[in-house]
Amino acid sequence: MLWWAMLIGSGLITALVLGLLTAAVRNNGARRSERGWIWGWGLGFTGAVLVVLLGFSLWIGERMLARGDDALRVGAHAAQWEWRFTQPGPDGLPVQTVDTLYIPAGESFDVEITAQDVIHSFWVPQLGGKMDAIPGHQNLHRLRADTPGIYEGLCAEFCGIGHSFMRFTVVAYDPTGPIPDMSADLIPETRP
Amino acid sequence: MTVTRPMGDRDIAPNEPMFDPRADIAPNDTRRALSLHRELDRTWRDEPGWRGFFTSVNHGTIGLRFMVTSFVFFAIGGVLAMMIRAQLATRQGAFLDVDLYNQIFTMHGSIMMFLFAIPMLEGLALWLLPKILGARDMAFPRLSALGYWCYLFGGTVIVGSLLFGLAPDDGWFMYTPLSDRTHSPGVNADVWLLGVTFVEISAMAAAVEITVTILRCRAAHMPLTRMPLMGWYLLGTAVMMLVGFPPLILGSILLEVQRAFDWPFFDVARGGDPLLWQHLFWLFGHPEVYIIFLPAAGALSTIIPIMARTTILGYGAIVAAIAGLVFLSFGLWVHHMFTVGIPHMALAFFSAASALVAVPTAVQVFAWIGTMWDGKVSFRLPMLYVMGFFITFVMGGLTGVMLAMVPFNWQAHDTAFVTAHLHYVLVGGFVFPMLAAVSYWMPLICGRWRVRGLGESAFWLILIGFHGTFFLMHLTGLLGMPRRIAVYPNNPEWEWLNLISSIFGMIMSAGFALFAFDVIMQWMFGRRSRRNPWRAPTLDWAMPLPAPSYNFASLPGPRQADASALLPLARGEGLLPGAPRGFRETLVVEAGTGRPDHVAVLATSTWLPLLTSAAIGSFFAAMLVGLYWLAPLGMVLTLIAAWKWGAIMGTDRDHAPAAVAPGLTLPLHWQTRNTLARTGAIALLLADGTLYAALLFGVGFLSVVAPAWPAPPSTLVSLPVIAAAALALAAMALGLLASHRAEAQRSHASGAAWAGLGLAAALVALVALAVVGLGLDDPRRHARDALRGAILGFAVFHGVIAAMLALRSLRDAQTGRLSEVRRGAAPIWQMFQAFWLTTTAVSVALIAAQEVL
Amino acid sequence: MGWLWRALAGPILWAAMFSLVYALHGAGCNLGWQGRPVLGTDWHHMAMWLAWGAGLAAHGLILWLLPQGTGRPRQLIVLGAWIGLVSTLVTLFPVIATSTCL
């Protein structure tokens, strides 16, 4: 919604500025009006647009934060060049998988993002924003998949030779149905 | 639509003169312009042939050379961009392998930022400033040349590394840990860190010089409040460079030291933090965008009123907007780090600042539109590029506001959307205005008028090519394509967008090639331009075309207040006509009012800048190839070269004052205290202080944020170390006293004794610092200890400078360079001595606090 | 040149306040100040509110002390004072609007 508001607003402002520009080029009169141009357009108009936009975006940003409630926690550990995920397995105990994350659809979950070696970034474009994986830091990122399905994810921060291929998949399953078979992605030694 | 004739319609009646209307200076007697020209040209021109190429210090020569060289690097960066586009045109691009692709996109960004944009604006400033402010040269001509050679050598090494497959490949912002020794074992990252730091010497040199020139080398009685807006823009730029570059330089030094000697500033296991690099980098990196934008906006504020045959709307508001930009742009850097996991409130501070910074920008945009509204716009070639600026930059600014919004940033960060945004801002906000500037000032550069038709074709190719390449890239990014990937086999939906971008990219390249061709044609085959072809009022046009080596045969004053004084100035009616003493002389004014203060005698052609940059380069080369034991030799060579700079300054007799105008005689700079060198030292110390502040920020940041703290117990506190630190501080304080006494007693024999005492005190302090160094814990153990090593290194570095200046003062006294009116190097020594004492005292207090708490 | 420093007083104060509040925020989150209650809120908020309020008051003082008269130096002093105040007001208002350390 923020995006559409900004897109339409930007289109309108671009058109407005270019319109004013055209009018300015065509106008040959010598009417000096510093007040109108600088105070009206430069300060008044710009300031008003920005204040509204800023308030709106902070309000949205605030709602997207990961809070200390009882949302599901999964882990994403990035290394050159693979993702290791920790999530609840079929029997409810945590299991580790490589390059595929299984989460229930329809409920918010927090990803604990960590890195092994260099900086990576966890991003599933269809689910929302990205969050960096930084050695020595643990970042928490709240996401939600509204409908079951398979979502493509990728590393968004340049991380060396394998950066282009550091893809992963998020499988959002129906929480009322059975938990899907993860066996193909499990890391063998961590099998409970 | 466009006309290629020179402007001929109507003169611009300035409603606000550039000079103080209450001031007056009587004109000198009229002389023959030709004999004046010969007298001046003999003094000011470069030496003939190759010798002249290596020894020139003239701002006209050096400025042009900067611009031409930066265009060559622009072309190289452009070829790299085309290779990127060729690789991305299809999803299984096989044009480059991934390693080479990484080198190429890293080099594209690095070249365009550090080897094109910054040097281009430096070149424009060096070339233009003395002309538009009414001076004969920049304040420190040798420094211009030194900067150029550092730029050329450093740039050549950086680009040359590409030929050997050793080019940097960690992205142009070099994030650690990817760029550390473990993950980038090759020399590639060292090329970036050392090469860019070497090139930044030219940026710091230019920043000091631009600041001092604007403050002190304006025409007589041109107050700051009335100078051409270009002066304000470049003053803002230069101050931002003084404050903005030191964090990057510090970061590069720390990272190189980590790579070379394993001091763990950014190693998270030993108390470092990769986020410190990001902070230092973007603390430079975001102001950098405005450092690039401000000179371009200055060109727009100069060109638009002239193309519209009117004066700029809202001078005061624009100056305030520049001040607002200079400050606010230092409060934005974290918006490059919105996804590193910083709490929302901190993001909100920077989001709000990022939105707010759009206001002063908008004020300028509307002032320009209002100016055009007032006047009657004629569509010459520069005006086309100005239109290209408006179309492109407004969109870039709006996507910038979008990216300043945290939730949207989380989505678009590190995607092709950001790539598109930054190209809209940088090409719109820098390249288009620079193309306008080049086509506007070409007659002054080469004395010729351009060939019909080529320029317009180039403009349309560039404009269409640019928007065709980058507009769709916004969509590509929103569809999820991240930056810096080489192939995208599973994403066919991105392919047609990339293909279109690639095709239009080739069109844009053709446009730039045609632009270069047009400039060359104009230079070689254009017909002679008449004087002041745009009928502009500013002083840069108050001279014959092409601009002579000395700019003005006599300098402008209140009676020669705009370009219409071209003939009186050439006939010597202005101030300080000719070169009667055979010196390169220019007028120095009081910074605020522009009241004439003294006459500066500037340096003439010399090999010294070339040799000095070679000496500095030998240090960087030894570091680059890993011969660390050889690097101190480079330092010694640099010190010897630096000593030579002082050796050819100064004079051993009192000179008669210069006759500037009837009834106005002024002393030469040797016989005054408030010299250009003094103002320059203040500017340099501002940058130096910022470097120190950035180092303190590093200490604070790591202590609070880095995970592996508190550090292991230290063994630093011991009696010898405490005694040595106290001795060092006492010796520095004594040195400060000696530096003041040496100046006060300069005409007595005791002056030399004070200088000698100051030198001895500096040496004692250095020895004491060495003792402290022996007591330090192993800097490889923990970042705290590494930072203490860095702090000590900072103190030692400044101790060497203070000792050199004390030695200079001593030699001044011994060689008869001092007298009642000649003060030698002592005033500069005092400032550096005070800086050394203050920073060391703060460092000692900081380390003591770390030990106690 | 005195007028130039006067014109820059507001922006310089903004720079100081911005650095101070950002430092307080970073230090507070890492040292756990938000967990220490005081006067119905916590030390972290209290420190930032006090800094912000003091900064705004100082900006108000700069505006109060504006010189009389006309001319471009005075115009720049007035504009500088307002730029400083608006910058501090807008860039630091998140201290009363968003959550601190999430």
Side-chain angles (χ1 to χ4, degrees), chain A residues 2-3 6 10 13-14 17-18 20-21 23-25 27-34 36-38 41-43 46-47 50 53-54 57-58 60-62 64-65 80 117-119 121 123 125-126 128-132 134-137 139-140 152 154-161 163-164 167, chain B residues 98-99 102 171 175 177-178 183 268 273-275 310 313-314 317 339-341 344 347-348 351-352 355-356 358-359 362-363 365-367 369-370 372-377 390-391 394-395 398-399 401-402 405-408 410-411 413-415 480 482-488 490 706-708:
Chain A
L2 177 70
W3 159 246
M6 290 201 298
S10 298
I13 293 172
T14 308
V17 173
L18 295 183
L20 283 174
L21 189 65
V25 168
N27 183 36
N28 292 333
R31 190 172 62 86
R32 293 194 81 88
S33 60
E34 187 170 329
W37 285 109
I38 289 176
W41 285 108
L43 285 174
T46 320
L50 289 175
L53 186 60
L54 189 65
S57 101
L58 289 182
I60 292 182
E62 197 66 12
M64 291 168 69
L65 296 178
Q80 282 179 326
D117 36 39
V118 303
I119 298 176
S121 189
W123 188 32
Q126 286 171 288
K130 58 184 72 64
M131 184 61 82
D132 291 354
I134 300 172
H137 293 262
N139 284 328
L140 215 52
E152 293 297 322
L154 45 85
C155 171
E157 182 66 62
F158 178 64
C159 57
I161 290 279
H163 173 58
S164 309
R167 302 297 190 92
Chain B
V98 176
D99 176 42
N102 291 352
Y175 275 3
L178 185 61
H183 301 98
V268 73
D273 197 324
L275 287 182
T310 179
L313 180 82
T339 63
V340 304
H344 193 229
L347 300 188
S351 176
L356 192 62
V359 173
V363 164
V365 168
F366 285 111
I369 296 180
M372 287 191 268
W373 183 281
D374 285 349
K376 179 177 183 318
V377 178
F390 274 109
I391 296 165
V394 167
M395 290 164 68
L398 288 167
T399 52
V401 171
M402 293 184 193
M405 298 304 134
V406 177
F408 180 72
W410 284 339
Q411 187 67 24
H413 181 72
D414 268 329
T415 67
R483 294 167 84 172
R484 301 174 171 185
I485 58 168
V487 290
Y488 42 99
N490 302 321

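Hydrogens, waters and symmetry mates are skipped; everything else that's a heavy atom, side chains included, is used. Reminder, nothing fancy here: chain letters follow the sequence lines and each chain counts from 1.
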In terms of heavy-atom pairs under 4.5 Å with chain B, which of A:T46, A:L154, A:L58, A:L54 leads? A:L54
Where on A:N139 is there a heavy atom nearer than 4.5 Å to chain B: the side chain, the backbone, both, or neither? side chain
Minimal heavy-atom distance between B:M402 and A:S10, with the atoms involved, is CE-OG, 2.9 Å
Side chain to side chain contact (heavy atoms under 4.5 Å, CB included) partners of B:P177, counting only residues at least two apart: A:V118, A:I119, A:P135, B:D180, B:H183, B:P274
Looking at every non-hydrogen atom in both residues, tell me the closest pair between B:P407 and A:S57 and how far apart they are. CG-O, 3.4 Å
Structural part of A:Q80 lying under 4.5 Å from a heavy atom of chain B: side chain
Of B:V406, B:N102, B:V394, the largest count of non-hydrogen pairs under 4.5 angstrom with chain A goes to B:N102
So how far is it from A:E157 CD to B:T339 OG1, rounded to the nearest 0.5 Å? 7.0 Å
Closest non-hydrogen atom pair, B:P482 against A:A156: CB-CA, 4.4 Å
A:K130 NZ to B:D414 CG distance, which is reported to the nearest 0.5 Å: 6.5 Å
In terms of heavy-atom proximity below 4.5 Å to chain B, should A:I134 be classed as side chain, backbone, both, or neither? side chain
Nearest 0.5 Å, what's the CZ-CG distance between B:F366 and A:L20? 6.0 Å
Output the option from A:L50, A:L21, A:V17 having the highest count of non-hydrogen pairs under 4.5 Å with chain B. A:L21
State which residues pass side chain to side chain donor-acceptor pair (under 3.5 Å) with B:T399; sequence neighbours excluded, sorted by chain then number. B:H421
Using non-hydrogen atoms only, which part of B:R484 is less than 4.5 Å away from chain A: side chain, backbone, both, or neither? both
Compare every heavy atom of A:G136 with every heavy atom of B:P707, then report the nearest pair and how far apart it is. CG-O, 3.2 Å
Heavy-atom distances under 4.5 Å only: say whether A:L18 touches chain B with side chain, backbone, both or neither. side chain
Side-chain heavy atoms of B:V98 within contact of A:H163, under 4.5 Å: no
Considering all heavy atoms of both residues, which atom of A:A23 and which atom of B:W373 are nearest to each other, and what is their separation? CB-CZ3, 3.7 Å
Where B:Q411 and A:W123 come nearest, the two heavy atoms and their spacing: O-CZ2, 3.2 Å
Heavy-atom contact with chain A under 4.5 Å, split by part of B:V363: both
With a 4.5 Å cut-off on heavy-atom pairs, point out which of B:M395, B:H344, B:R483, B:H413 contacts chain A the most. B:H344
Using a 4.5 angstrom heavy-atom cutoff, name the option from B:A706, B:A362, B:A708 with the most pairs to chain A. B:A362
Any side-chain heavy-atom pair from A:E152 and B:N490 closer than 4.5 angstrom? no
Could you tell me which portion of B:L347 (side chain, backbone, both or neither) has an atom closer than 4.5 angstrom to a non-hydrogen atom of chain A? neither
CD1 (B:I391) and OG1 (A:T14) are apart, to the nearest 0.5 Å, by 11.0 Å
Interface moiety of B:V487 toward chain A, non-hydrogen atoms closer than 4.5 Å: both
